[in-house]
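Worksheet: the structure to be examined is printed underneath.
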Amino acid sequence: SGSRIGLDALKAKVMSPEDAAALIGPGETVGMSGFTGSGYPKAVPTALARRIEAEHAAGRPFKLRVWTGASTGPELDGALAKANGIEFRLPYNSDPIAREMINRGEMDYFDMHLSQVAPMAWQGFLGPLDTALIEVTGIRSDGSLIPSSSVGNNKTWIERASKVILEVNRWQNPALEGMHDIYYGTALPPDRRPIPLTRPDQRIGEPYFRCDPAKVVAVVETDTPDRNLPFDAPGEDHRAIAGHLLEFFRHEVARGRLPANLLPLQSGVGNIANAVMFGLVDGPFEGTTAFTEVLQDGMLALLESGRLLSASATAFSLSPEAAHTLNADLDKLRDRLVLRPQEISNHPELIRRLGCLAMNGMIEADIHGAVNSTHLMGSRIQNGIGGSGDFARNAYVSIFMAPSTAKGGKISTIVPKTPHVDHINQDVQVLVTEQGLADLRALSPRQRAEVIIENCAHPDYRPALKDYLTRARRDSYGQQSPTLLMEAFAWHQRFIETGDMRG
Ligand code: 0RQ
């Protein structure tokens, strides 16, 4: 295959991953590409991890500050975390090695809203950005860059960094060219203007990243697939959750509260969100659209079925089989797909304007409808808030879902009070478990408690929740959100002590 580097000045900068890694010094802040396992640099981070290990073995400190789009892959977060080479990281992470280090207190993790990363970088208080390390599909003759399988924060990293290192990945499908929409109209206050997007499939920017070739210090050629982790096959619980949600949408359409083709869908990360999209393939809704952050297997199936007309996202997050399907069908599907910077895919202004139906997974919810998306037992990070906050606060309907129990029934995901809150009750309008759906819109906290326990809690935990609520309604200091402070977290403490919330 021919070279994907169309500019001679940059062909001259092709080098090995080791030589490129040598251009990054200890203490640097590196802005990496990568979003939910796609489009992340694969060769230079691995070489960098080897270099860091060698430096550490020689007794020399070497740590980086790492900024990304969202989660990456084992060659990036995994390798650098294993080398103990990350001092500070933002935002969303799902790498298991990095997760363990964060939970041991050995790595600082700033778990922020994904839409806010780029604007905060521009506001300046995240500090200077030394290096942008970005995977691309190709380099054009004018030096502009063909983005890869995710866009993330790449536009911002390329603009803000003092130097740029590019990985040109031949594995990425050349048909990706033209699918991206890079919007260059954002600014800081007082110069902000409305973002002119009124339909999910609309293009408002350019298909390429602008990049000053003089800033590019290294180009590395790779031929390596994205991480592409498989999803769990949808289980009984997942199918039940999808069923309740479809019933809810049908009901809302029948009541005239949603159009027959629904509103732009947002589907979160993980197995449940994926299963719900598969559920929509068999549902009655035609002519739907998606304005979302990641495009998982289920949404690809929905596109292939023709029920989803178009999808706007910032990244693919596919299993190996689905990545294969996408690559085979990309010529057919590319006009119906747009990949945008995460600042745009997750923009509160656009989510509110379009009226997204936000469907996100959760760790747990409490009886008043506050949701925890991130922390186990109040203190251990699982992944991060990701885009769930961007969508939940601004959606037309904000939905959270999970099986009613975790860890084989030892944990109830409906609890008296969640010890960590990502989404306050005002940002949670519908809760769904395999037991049923609770429509919380226009309910007071006391009314919510009854509906959530009745519709969503597992029968094994329902009596204990009812008992708690009865006593809270008798003994609580106030009756707006009845709570027994000394008992509220006892379920979590019991799990920590005995491995079972039931004791
Ligand atoms: O742990 O893997 O050790 O078995 O959490 O749980 O059931 O596989 O659920 O894959 O749908 O992920 C909230 C994590 C759900 C995800 C979360 C344990 C459970 C398992 C995963 P194991 P499941 P899913 C836009 C939207 C935040 C970001 C977001 C997430 C593991 O959806 O990261 O929404 N969301 N972004 O056993 C203890 C509980 C538990 C529990 C589950 N109550 N207590 N452990 N688990 N519930 C997209 C982006 O932002 C990129």
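As the structure lists them, so they are numbered: ligands from 1, and atoms in each ligand from 1.
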Determine whether the side chain, the backbone, both or neither of Phe391 has a heavy atom under 4.0 Å from any heavy atom of ligand 1. neither
Specify the protein heavy atom at minimum distance from atom 14 (C) of ligand 1: its residue, its atom name, and the distance to 0.1 Å. Asn383 ND2, 3.7 Å
Closest protein heavy atom to atom 28 (C) of ligand 1, given as residue, atom name and distance to 0.1 Å: Gly384 O, 3.2 Å
Would you mind running through ligand 1 and noting each atom that sits below 4.0 Å from a heavy atom of Gly268? 25 (C), 26 (C)
Note the single closest protein heavy atom to atom 9 (O) of ligand 1, along with its residue, its atom name and the distance in Å. Ile272 CD1, 4.3 Å
Between Thr289 and Ser310 (side chain of the first, backbone of the second, donor and acceptor by atom type, cut-off under 3.5 Å), is there such a pair? no
For ligand 1, which is the ligand I care about here, please tell me if Ala406 has any N or O atom under 3.5 Å from one of the ligand's N or O atoms. no
Any protein heavy atom < 4.0 Å from atom 17 (C) of ligand 1: no
For atom 44 (N) of ligand 1, closest protein heavy-atom neighbour: Ile411 CD1, 3.5 Å
Mark up the atoms of ligand 1 that fall under 4.0 Å of a heavy atom belonging to Gly386, in ascending order. 50 (O)
Donor-acceptor contact present, side-chain His180 to main-chain Ile182, <3.5 Å: no
Ring centres under 6.0 Å, that's the criterion: do His423 and Phe400 meet it? yes
On a heavy-atom basis, I'd like to know which of Ser373, Ser317, Gly69 is closest to atom 35 (N) of ligand 1. Ser373
Lys/Arg N to Asp/Glu carboxylate O, Asp181 vs Arg340, below 4.0 Å: yes
Non-hydrogen side-chain atoms of Tyr92 and Thr68 separated by less than 4.5 Å: no
Close approach, Ala70 and ligand 1, non-hydrogen under 4.0 angstrom: no
Any nitrogen or oxygen of Leu376, main chain or side chain, under 3.5 Å from a nitrogen or oxygen of ligand 1? no
Checking Thr72 against Asp77: is there a side-chain donor and acceptor pair closer than 3.5 Å? yes
Using a strict cut-off of 4.0 Å, indicate which atoms of ligand 1 neighbour a heavy atom of Thr36. 51 (C)
Do Glu75 and Tyr40 meet the criterion of a side-chain donor-acceptor pair at a distance under 3.5 Å? yes
Side chain to side chain, Ser148 and Glu135, heavy atoms closer than 4.5 Å: yes
The option among Met501, Gln296, Gln382 carrying the non-hydrogen atom nearest to atom 31 (C) of ligand 1 is Gln382
Can you tell me if Asn383 and Ser94 form a side-chain donor-acceptor pair at under 3.5 Å? no
Contacts of Tyr461 that satisfy ring pair (Phe, Tyr, Trp, His ring centres under 6.0 Å) - sequence neighbours left out: Trp491
Test salt bridge (charged side-chain N to carboxylate O under 4.0 Å, His left out) on Arg393 and Asp427 and set out the steps. CA-CA 5 Å; Arg393 163 109 356 136; Asp427 295 340; 2.9 Å; yes
Atom 22 (P) of ligand 1: nearest protein contact (heavy atom, Å): Lys407 NZ, 3.4 Å
With a cut-off of 4.0 Å, which atoms of ligand 1 are near a heavy atom of Tyr92? 28 (C), 33 (O)
To the nearest 0.1 Å, how far is atom 32 (O) of ligand 1 from its closest protein heavy atom, and which atom is that? Val269 O, 3.4 Å
Which residue holds the protein heavy atom closest to atom 8 (O) of ligand 1, what is that atom called, and what is the gap in Å? Asn271 ND2, 3.5 Å
Would you mind running through ligand 1 and noting each atom that sits below 4.0 Å from a heavy atom of Glu293? 25 (C), 48 (C), 49 (C), 50 (O), 51 (C)
Contact list for residues 481-501, test salt bridge (charged side-chain N to carboxylate O under 4.0 Å, His left out), sequence neighbours left out: Arg471-Glu487, Asp500-Arg502
Considering only protein heavy atoms, which is closest to atom 15 (C) of ligand 1, and at what distance to one decimal place? Met362 O, 4.4 Å
